[in-house]
Amino acid sequence: MRWTKQLIPTLREVPLEAEIASHQLMLRAGMIRRLGAGLYTFLPLGFRALKKVEAIVRQEMDRAGALEVLMPALHPREIWDRTGRYDVLSEVMFKIEDRQGRHLVLGPTHEEIITDLVSREINSYRQLPRNFYQIQTKFRDEIRPRFGLMRAKEFIMKDAYSFDVDWDAAEKSYQAMYEAYQRIFARCGLRTRVVEADTGAMGGKSSHEFMVLAESGEDGLVECGPCGYAANLERAEGVTRGETVFEDADRENELVDTPNMRTIEEVSGFLKSPPARLIKTLIYRADEKPVAVLVPGDRDVNELKVARALGCRKLELADDATIEEATGAPVGFAGPVGLDLPLYADKKLRGYRGAITGANQADRHIVHVDLERDVRISEFHDLTYARNGDGCPRCDGTLVEKRGIEVGHVFKLGTKYSEQLGALYLDPEGKQQPAVMGCYGIGVSRTLQAVIEQRHDKDGIIWPISIAPYAVEVLMINAQDAETRRVAEQITETLEKQGVEVLMDDRDERPGVKFKDADLVGVPIRVGIGERSLAKGAVELKIRGQSDKAKEVPLDQAVAEIQGAIRQLYEELNASA
RNA sequence: CGGGGCGUAGCGCAGCCUGGUAGCGCGUCAGCUUUGGGAGCUGAAAGUCGCCGGUUCAAAUCCGGCCGCCCCGACCA
């Protein structure tokens, strides 16, 4: 392919709309263009790379025995009502009406659709296990789309759904997908970390996320070096090794004046006590009923954990009026002593003595609080976010906090959907059983961008050979030189005949422009054709991201060398897998 | 949805406070010169100044409303 026949609108300047490196580079390298918030067109280069990722996903899913299907993106509302998820996912679903006034949604995910299909088509244990997957566009009304393809309203996803006769069999299906995912991401040149994760609105028993470590990642995670424990911050449990008994722990509790001191910071400073000594008391509405949540003053509440501990569907911080009504004091002075609400305390507060809490009176706090002596806690749970330096819940190690981009998520779903939608089969005894399900997602378009986020330098993208839009770029240093053109065209043609994807930069531009664009676009193997080396009967070979200077290769060996370089790049990729 | 910011040529921006001819850099097109890491000169095309309304002799500029985008937060398979 000639550059002059392609559309590769590279940008010299950084577009204002892009914040993170991968987003900037996708725009600058002419891979994508924005249509609206969270909506992107793939230009030829971006689409080529995307198709490479898809091809790897297909190969590995097929290899793992999954069967490719294609389901509609548009769904009748009724199917979502059958599982109650029309309400659960209501906010993220795009809803539309057809001219008959029928209610339709644009699918944010496809559990209902595939389970409905399986309920009709699979009836016997002899037909199990089966795993169906598709690569398709998903629609989610994200509150805030950002970072280009990272969080878009419309994005490409590979989703797979496994159906098994029982939990043991389902576990095998899960393992097969887990391993397929490892291979997929390795083949994309990504270093990923697998973490325990929250199942969220998917429901189900447990799940693992595949994270691409990156500073710009939207997800926080912690990991423990010694034992390998790793979990999404939404789920991670950190063990505190901090003290729970503070000075004057044995004294009776007493009221102290704390005029206008409402925040942990203010009270901590005013009373000259570390924030950890304070007990933060937050009033929530759990399914409309007020409850109090207690956590150490230096900790943040993890509302997902609270909701799970309480078993409530809807959890929100109470408004000021509710707080005043529940505590009898203005906001900022709530405390558990004498508070007539269900009290849910974070585990780390166990044994807290000599602590400080709000007094449920304006401008007052209570000191020397002994949680066991002075308060009747309803339940202790893990209710806070883990953080850097916390103890590992599995071993003696210490947790390290990192950031990551979630590119894959595998769930053990169980029988939730199969029961609700009647995906039942007859076992050998003729008894009806619900299929045990798993579901497995890969954000395909996001994965593409994650590769760039992880593999770039100041000059541009460094594609792994496996998903590069082209494997080789043949660069005419002076496109007006006849011999340059002849050699470039001949090498390009030979390689293309051998099935190599070549981009030939035949633009009549200055060399600098073409070198810069080559680095930006990031094609792995660059073949420079210029008068200087042609005079020596050679061309110049350079691997993107490796060594600064190009290697001169005799003309008659050029194609063989290029093929060798391609092979080597694939080998390196496999070796790191 | 709350807070902040921005909307002027394809991209990046100035002009707005203090109303009066719409500008700069890059890119694009043409010509000449140049040619190994984002060239030089000359010329040219290209803008309903986000939209609607108001004030005014006159609005990119002042006022009101709306829309869009970006950032932070809340939220999120």
Side-chain angles (χ1 to χ4, degrees), chain A residues 9-20 23-24 27-28 30 33-39 80 83 85 88-93 107-112 138-148 150-153 155 157-161 197-204 207 209 218-219 232 234 300-301 303-304 307 314-317 319 406-411 413 417 439-443 446 458-460 475-481 484 505 507-520 526 528-535 539-540 542 548-550 552:
Chain A
T10 58
L11 303 175
R12 188 175 296 211
E13 291 170 272
V14 178
L16 192 71
E17 72 188 65
E19 192 80 355
I20 63 173
H23 186 195
Q24 292 174 352
L27 290 164
R28 288 192 54 211
R33 285 295 183 263
R34 189 175 58 90
L35 175 64
L39 303 172
W80 287 91
T83 56
R85 287 217 297 177
V88 176
L89 294 176
S90 183
E91 290 186 330
V92 299
M93 281 202 284
T109 179
H110 280 73
E111 285 74 20
E112 279 77 358
K138 297 279 191 268
F139 299 87
R140 293 190 189 167
D141 189 2
E142 293 288 348
I143 295 176
R144 179 141 89 92
R146 51 180 149 183
F147 300 151
M150 283 297 183
R151 183 163 292 270
K153 288 187 173 170
F155 59 99
M157 180 171 178
K158 186 283 307 177
D159 47 328
Y161 307 89
D198 188 83
T199 54
M202 292 302 290
S207 73
E209 285 171 342
E218 287 194 273
D219 287 286
N232 190 304
E234 289 177 348
D300 293 325
V301 174
E303 295 185 357
L304 276 171
K314 191 178 168 200
L315 183 80
E316 56 188 356
L317 268 176
D319 55 39
E406 178 192 351
V407 287
H409 202 158
V410 293
F411 298 81
L413 284 180
Y417 297 99
C439 78
Y440 318 94
I442 289 180
R446 177 187 286 188
K458 65 174 177 26
D459 296 314
L475 191 155
M476 296 181 184
I477 286 161
N478 176 4
Q480 288 178 358
D481 178 61
T484 296
D505 193 344
R507 289 177 298 171
D508 186 14
E509 285 285 352
R510 299 174 67 83
V513 172
K514 291 193 270 195
F515 284 130
K516 287 288 184 194
D517 272 348
D519 288 342
L520 177 59
R526 191 184 82 195
I529 317 278
E531 288 150 279
R532 193 184 290 171
S533 44
L534 279 181
V539 299
E540 298 150 33
K542 185 173 180 308
D548 286 339
K549 45 183 188 300
E552 290 204 330

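Computed from a prediction, not measured in an experiment: that's the story for all the values here. Here is how names work: the chains are called A, B, and so on, in the same order as the sequence lines, proteins then strands, and each is numbered from 1.
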[N] and [M]: how far apart are their [atom1] atoms, nearest whole angstrom?
N: B:rC6; M: B:rG50; atom1: P; value: 13 Å
N: B:rC49; M: B:rA39; atom1: C1'; value: 33 Å
N: B:rC24; M: B:rC67; atom1: C1'; value: 29 Å
N: B:rG68; M: B:rU28; atom1: P; value: 33 Å
N: B:rA22; M: B:rG47; atom1: P; value: 13 Å
N: B:rA9; M: B:rA44; atom1: C1'; value: 14 Å

Looking only at the side chain of [X] (C-beta and beyond, no hydrogens), which of the listed nucleotides [options] gets closest?
X: A:Asp519; options: B:rG37, B:rU34, B:rG36; answer: B:rG37
X: A:Ala37; options: B:rG37, B:rG36, B:rC70; answer: B:rC70
X: A:Arg12; options: B:rG37, B:rC70, B:rC26; answer: B:rC26
X: A:Ile143; options: B:rC1, B:rC71, B:rG37; answer: B:rC1
X: A:Arg28; options: B:rG38, B:rC76, B:rU35; answer: B:rG38

My understanding is that a pair needs two contacts under 3.5 Å, Watson-Crick or G-U wobble. By that rule, which nucleotide pairs with [N]?
N: B:rC69; value: B:rG5
N: B:rG36; value: none
N: B:rG25; value: B:rC11
N: B:rG20; value: B:rC57
N: B:rA30; value: B:rU42

Remember a base hit wins even if backbone is also touched, and classify [X] as base, sugar-phosphate or nothing at under 4.0 Å, heavy atoms.
X: A:Ser533; answer: base
X: A:Arg446; answer: nothing
X: A:Glu303; answer: sugar-phosphate
X: A:Tyr440; answer: nothing
X: A:Arg33; answer: nothing
X: A:Gly530; answer: base

Could you say whether A:Gly441 or A:Ile477 is positioned toward the 5' end of RNA chain B, judged by the nucleotide with the nearest heavy atom to each?
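Per heavy-atom nearest nucleotide, the more 5' residue is A:Ile477.
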
Whichever of A:Ala18 and A:Phe155 has its nearest RNA chain B nucleotide further upstream toward 5'
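First, find each residue's nearest nucleotide; the 5'-ward one identifies A:Ala18.
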
Which residues satisfy the salt bridge (Lys or Arg N to Asp or Glu O under 4.0 Å) test with [X], sequence neighbours excluded?
X: A:Glu218; result: A:Arg146, A:Arg151
X: A:Glu540; result: none
X: A:Arg507; result: A:Asp505, A:Asp517

If you look at every heavy atom in A:Lys158 and A:Ala160, which pair is closest and at what distance?
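Residues A:Lys158 and A:Ala160, closest heavy atoms: NZ-CB, 3.6 Å.
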
Shortest non-hydrogen contact between A:Lys153 and A:Ala37, atoms and distance:
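In terms of heavy atoms, the two residues are closest at CD-O, 3.7 Å.
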
Does A:Arg532 put a side-chain nitrogen or oxygen below 4.0 Å from OP1 or OP2 of B:rG36?
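The answer is no; no side-chain N or O of A:Arg532 sits under 4.0 Å from OP1 or OP2.
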
Think A:Arg144 has a side-chain N or O under 4.0 angstrom from the OP1 or OP2 of B:rA74?
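For B:rA74, neither OP1 nor OP2 has a side-chain N or O of A:Arg144 closer than 4.0 Å.
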
Under-3.5 Å donor-acceptor pair between [X] side chain and [N] base:
X: A:Arg151; N: B:rC76; result: yes
X: A:Asn478; N: B:rG36; result: no
X: A:Arg34; N: B:rG10; result: no

Partners of A:His23 by side chain to side chain donor-acceptor pair (under 3.5 Å), sequence neighbours excluded?
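Testing A:His23 for side chain to side chain donor-acceptor pair (under 3.5 Å), a comparison that skips the adjacent residues, returns A:Tyr40.
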
Applying side chain to side chain donor-acceptor pair (under 3.5 Å), can you list everything that pairs with A:Glu112, at least two apart in sequence or on another chain?
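Once residues adjacent in sequence are excluded, the partners of A:Glu112 under the side chain to side chain donor-acceptor pair (under 3.5 Å) criterion are A:Thr83, A:Arg85.
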
Using a cutoff of under 3.5 Å, can you pull out all pairs of nitrogen or oxygen atoms linking the protein to nucleotides 46-50 of chain B, with atom names and distances?
none

Under the side chain to side chain contact (heavy atoms under 4.5 Å, CB included) rule, collect the residues that match up with A:Asp459, sequence neighbours excluded.
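Residues passing side chain to side chain contact (heavy atoms under 4.5 Å, CB included) with A:Asp459: A:Asp457, A:Lys516, A:Asp519, A:Arg544.
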
Could you tell me which residues satisfy side chain to side chain contact (heavy atoms under 4.5 Å, CB included) with A:Ile143, sequence neighbours excluded, listed by chain and number?
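If we apply the side chain to side chain contact (heavy atoms under 4.5 Å, CB included) test to A:Ile143, skipping adjacent residues, there are no hits.
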
At a cut-off of 3.5 Å, list every protein nitrogen or oxygen paired with a nitrogen or oxygen from nucleotides 11-13 of chain B, distance to 0.1 Å.
from	atom 1	to	atom 2	distance (Å)
B:rC11	O2	A:Glu13	OE1	3.4
B:rG12	OP1	A:Leu16	N	3.3

Just how far is it from atom CG of A:Asp219 to atom CG of A:Asn232, taken to the nearest 0.5 Å?
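Those atoms lie 5.0 Å apart.
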
Under 3.5 Å, is there a donor-acceptor pair between the side chain of A:Lys138 and the main chain of A:His110?
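Not confirmed, A:Lys138 side chain does not pair with A:His110 backbone.
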
Any donor-acceptor pair under 3.5 Å from A:Arg33 side chain to A:Leu27 backbone:
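Flag set: sc A:Arg33 to bb A:Leu27 pair under 3.5 Å.
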
